[in-house]
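Each remark here refers to the structure printed beneath this line.
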Amino acid sequence: MYPRIRDLREDADLTQREVAGLLHCSQQVYSNYELGQRDIPTAVLIALADYYGTTVDYLLGRIDQRGIPVAFRER
C-alpha cells in the first residue's frame with residue numbers, strides 16, 4: 001500500500017480522477033497504485049514526486065522528510 005500518495009492527494013484536495021488525468025492513466029489504475037494492488041512505474045513515481053514537491057524516497061516510505069532536502073534543491 002502507498003498511503004503517502006493518498007495522503008498527499010487528499011492534502012491537495014484532489015480526486016483520484018484528477019491525479020489520474022495528470023498521470024495520463026485511468027482512475028482505476030491510479031486507485032490500484034494507492035491500494036498497492038499495482039506497482040507504480042518509476043516514471044509515475046518521479047512525476048508524483050515532482051508534482052507534490054517531494055522525493056521518491058518519501059513516497060516509498062524510505063524517509064520521513066516530506067520536502068526536498070536542501071542538498072538536492074536547484075540553486
Heavy-atom pair of closest approach, residues Asp64 and Arg4: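 Taking Asp64 first and Arg4 second, the nearest heavy atoms are OD1-NH2, 2.7 Å.
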Determine the minimum heavy-atom distance between Tyr2 and Tyr33, stating which atoms define it.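 Looks like CD1-O, 2.9 Å.
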Do Tyr58 and Gln65 make a side-chain contact, defined as non-hydrogen atoms from C-beta onward lying under 4.5 Å apart?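 A side-chain contact is absent here, since even the closest heavy-atom pair is not under 4.5 Å.
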Is the shortest side-chain heavy-atom distance between Tyr30 and Ile5 below 4.5 Å?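 Yes, side chains in contact.
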Which residues share a side chain to side chain donor-acceptor pair (under 3.5 Å) with Asn32, sequence neighbours left out: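 Checked Asn32 against side chain to side chain donor-acceptor pair (under 3.5 Å); matches are Gln28.
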What residues form a side chain to side chain donor-acceptor pair (under 3.5 Å) with Arg66, not counting sequence neighbours?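 Side chain to side chain donor-acceptor pair (under 3.5 Å) list for Arg66, sorted by chain: Asp11.
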Would you tabulate the side-chain donor-acceptor contacts of residues 37-45 under 3.5 Å, counting partners in other chains and residues two or more places apart, or write 'none'?
none

Scan residues 46-60 for pairs that pass salt bridge (charged side-chain N to carboxylate O under 4.0 Å, His left out), counting only residues two or more places apart or in two chains.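 Of all non-adjacent pairs touching residues 46-60, those that pass salt bridge (charged side-chain N to carboxylate O under 4.0 Å, His left out) are Asp57-Arg62.
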Rounded distance (nearest 0.5 Å) linking atom OG1 of Thr55 with atom CG of Leu48: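 Taking OG1 in Thr55 and CG in Leu48, the distance rounds to 12.0 Å.
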Taking only residues two or more places apart in sequence or in another chain, which ones pass side-chain contact (heavy atoms from CB on, under 4.5 Å) with Ala47?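 For Ala47 the side-chain contact (heavy atoms from CB on, under 4.5 Å) partners, ignoring immediate neighbours, are Leu23.
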Show every donor-acceptor pair shorter than 3.5 Å between a side-chain atom in residues 12-20 and any protein atom, with sequence neighbours excluded, or say none if there are none.
unit_1: Thr15; atom_1: OG1; unit_2: Arg17; atom_2: N; d: 3.4
unit_1: Thr15; atom_1: OG1; unit_2: Glu18; atom_2: N; d: 3.0
unit_1: Thr15; atom_1: OG1; unit_2: Glu18; atom_2: OE1; d: 3.4
unit_1: Gln16; atom_1: OE1; unit_2: Gln27; atom_2: NE2; d: 2.4
unit_1: Gln16; atom_1: NE2; unit_2: Glu34; atom_2: OE1; d: 3.0
unit_1: Glu18; atom_1: OE1; unit_2: Thr15; atom_2: N; d: 2.7

